[in-house]
Amino acid sequence: MTRTFFPRLQGNSRGCLAFEPFFLIPYSMVMTYATLYMYELGVSETAIGWITTLSLIVQVFSSFISGYLTDRMGRKKAVLYFDLLSWSLAAILWAVSQNVWFFVAAALVNGFQRVPSTAFYCLVVEDTKPADRTYVFTLLQIISVIGGLFAPLGGLLVYAYGLVPGTRIMYALAFLLMTFQFVGRHLTTRETEMGYRKMKETRELGLSKSLIDYAGAIKEITASKTLLLIFSVYVLFNFQTTLKTTYLSLYMADYLHVDSDLISLVPAVSSVVMLLVLWLLTPRIPEQSIYKSMMVGFLLSVLSNLMLVIGPITNLAWIAASTIIAAVGMMISSPYLEAAVANAIDDEKRAKIFSMLSVLILLITSPAGIIGGWAYTFDPRIPVWLIILAFAAAYLLIMRYQNRNLQNAL
């Protein structure tokens, strides 16, 4: 099967990508309804924010130790064990949730997802030829976008069984399919050469030594104005993502009065638009225009969110237009932002600095859930306005970053 669908891929990248749809399809189905599911079970908007923030706090900790655990355990064991903990076990807890404490427990275990995230990245990259890595990550992006096309299946379950029973079925399916993915990937991949080397090196290396290295990485980040600029954009982007993921579905159902079974069409429409942009527009964007592309993308994101707080907000056609504009803005900004961040980091210090960047992002974005929940109780539009402000600030920072790069080039 893997040779048929991914003939160019070799080794671990083939095994990893072949099983990735079994994670992304149930994930795209259930995440559309996750917040509404909590709300229907009696969890308040403020409590939803606290739970989101709790998960982010645990993710800070798991990000901090993810590199050490990945080296100590090996890529394969780290990704298998912590995926089973953070996703399979969490899916079971979500499926049987009765009150806020079930969601708190699920948030605690799901917060360890940063460990398998780091291990997966190492597993899929390390034994892949540098010339093939772009191809690998392009396929990952395409698989992720296609996964969103299956979100309406969740809408059908909600329509047929109701919001709470339908979402419980989705979480049960997520447990089965994700666990199949984790085990299947484990059986079709092998430990990398770098993994074996790092396991040997860390047998006598304590965690304290790693913490000292991380502290040095934070100092390097704060000492560079160029890094601070692009990293600030990255932080703002992640801040708005947290708010949007947590409150957009609730906002559409509660404030815009969109039927629950129709909300699942939002990620599906976004996925179709993203695929069209990836096919028709992205290849036409020249390398020297990536900063302009990001700025246009951020402006489109501002416009799409403004449309959700002004105008005929209860009009489905208006909401659909906002969804389409948001998808275009995301597709012409997000990939280039990821590339700009990667290019800003020195190759010799990439792993260390990027791991600490993840910690800094989580530390700064952790309050997003609490802020959003508190603001939502005053006015459901406030979290959307915060998203708009984040994109507007990101636009100004990218403009300054581009000007600094131009000055350095002269």
J.: How would you list, by chain and number, every residue that makes a side-chain hydrogen bond (donor to acceptor under 3.5 Å, both in side chains) with Thr192, sequence neighbours excluded?
T.: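 For Thr192, the residues satisfying side-chain hydrogen bond (donor to acceptor under 3.5 Å, both in side chains) (neighbours in sequence not counted) are Glu126.
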
J.: Tell me, which pairs form a side-chain hydrogen bond (donor to acceptor under 3.5 Å, both in side chains) where one or both residues lie in residues 94-110, sequence neighbours left out?
T.: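 Only Asn110-Gln113 qualify under side-chain hydrogen bond (donor to acceptor under 3.5 Å, both in side chains).
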
J.: Could you list the donor-acceptor pairs under 3.5 angstrom formed between side-chain atoms of residues 47-54 and any protein atom two or more places apart in sequence or on another chain?
T.:
residue	atom	partner	partner atom	Å
Thr52	OG1	Ile48	O	3.0
Thr53	OG1	Gly49	O	3.1
Thr53	OG1	Ser366	O	2.7
Thr53	OG1	Ile370	N	3.1

J.: For Tyr376, give me all partners under ring-ring contact (aromatic ring centres under 6.0 Å, His included), at least two apart in sequence or on another chain.
T.: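 Listed in chain order: Tyr247.
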
J.: Within the side chain of Ser62, is there an N or O that forms a donor-acceptor pair under 3.5 Å with the backbone of Gln59?
T.: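 Looks like yes, one N/O pair under 3.5 Å.
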
J.: Applying side-chain hydrogen bond (donor to acceptor under 3.5 Å, both in side chains), can you list everything that pairs with Thr118, at least two apart in sequence or on another chain?
T.: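 Thr118 satisfies side-chain hydrogen bond (donor to acceptor under 3.5 Å, both in side chains) with Ser66 only.
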
J.: Going by the angle between their ring planes, with limits at 30° and 60°, are Phe391 and Phe298 parallel, tilted or perpendicular?
T.: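 Rings of Phe391 and Phe298: tilted, 30 to 60°.
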
J.: Keeping the roles fixed (side chain from Ser270, backbone from Ala327), state whether a donor-acceptor pair exists under 3.5 Å.
T.: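 No, the answer is negative, given that no donor and acceptor are paired below the 3.5 Å cut-off.
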
J.: Taking the side chain from Thr179 and the backbone from Leu176, do they hold a donor-acceptor pair closer than 3.5 Å?
T.: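 Such a contact is absent between Thr179 side chain and Leu176 backbone.
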
J.: Could you tell me which residues satisfy ring-ring contact (aromatic ring centres under 6.0 Å, His included) with Tyr255, sequence neighbours excluded, listed by chain and number?
T.: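 Tyr255 satisfies ring-ring contact (aromatic ring centres under 6.0 Å, His included) with Tyr251 once adjacent residues are dropped.
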
J.: Test of understanding: with ring-ring contact (aromatic ring centres under 6.0 Å, His included), list the residues that count as partners of Phe180, not counting sequence neighbours.
T.: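 Scan of Phe180 (ring-ring contact (aromatic ring centres under 6.0 Å, His included), adjacent residues dropped) gives Phe19, Phe22.
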
J.: Side chains of residues 236-244: which donor-acceptor partners sit under 3.5 Å, not counting sequence neighbours?
T.:
residue	atom	partner	partner atom	Å
Asn238	ND2	Tyr234	O	2.7
Gln240	NE2	Phe237	O	3.1
Thr241	OG1	Phe237	O	2.8
Thr242	OG1	Asn238	O	3.1

J.: For a side chain to side chain contact (heavy atoms under 4.5 Å, CB included) check, start with the C-alpha distance between Leu153 and Leu157, then their side-chain angles and the critical distance, and finish with the verdict.
T.: CA-CA 6 Å; Leu153 294 179; Leu157 288 172; 5.9 Å; no

J.: Does Ile332 form a side chain to side chain contact (heavy atoms under 4.5 Å, CB included) with Leu300? I'd like the steps, not just the answer.
T.: CA-CA 10 Å; Ile332 64 173; Leu300 288 175; 4.0 Å; yes

J.: Could I get the full list of salt bridge (Lys or Arg N to Asp or Glu O under 4.0 Å) partners for Arg190, not counting sequence neighbours?
T.: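 Listed in chain order: Asp127.
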
J.: Output all residues satisfying ring-ring contact (aromatic ring centres under 6.0 Å, His included) with Trp374, sequence neighbours left out; order by chain, then residue number.
T.: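 Trp374 satisfies ring-ring contact (aromatic ring centres under 6.0 Å, His included) with Phe378 only.
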
J.: Among Val309, Asp379, Leu389, which one satisfies side-chain contact (heavy atoms from CB on, under 4.5 Å) with Val384?
T.: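 When side-chain contact (heavy atoms from CB on, under 4.5 Å) is applied between Val384 and each of Val309, Asp379, Leu389, only Val309 qualifies.
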
J.: Sequence neighbours left out, what pairs pass salt bridge (charged side-chain N to carboxylate O under 4.0 Å, His left out) with at least one residue falling in residues 81-106?
T.: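 Qualifying pairs: Asp83-Arg185.
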
J.: Tell me, please, which residues at least two apart from Asp71 pass side-chain hydrogen bond (donor to acceptor under 3.5 Å, both in side chains).
T.: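 Checked Asp71 against side-chain hydrogen bond (donor to acceptor under 3.5 Å, both in side chains); matches are Arg75.
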
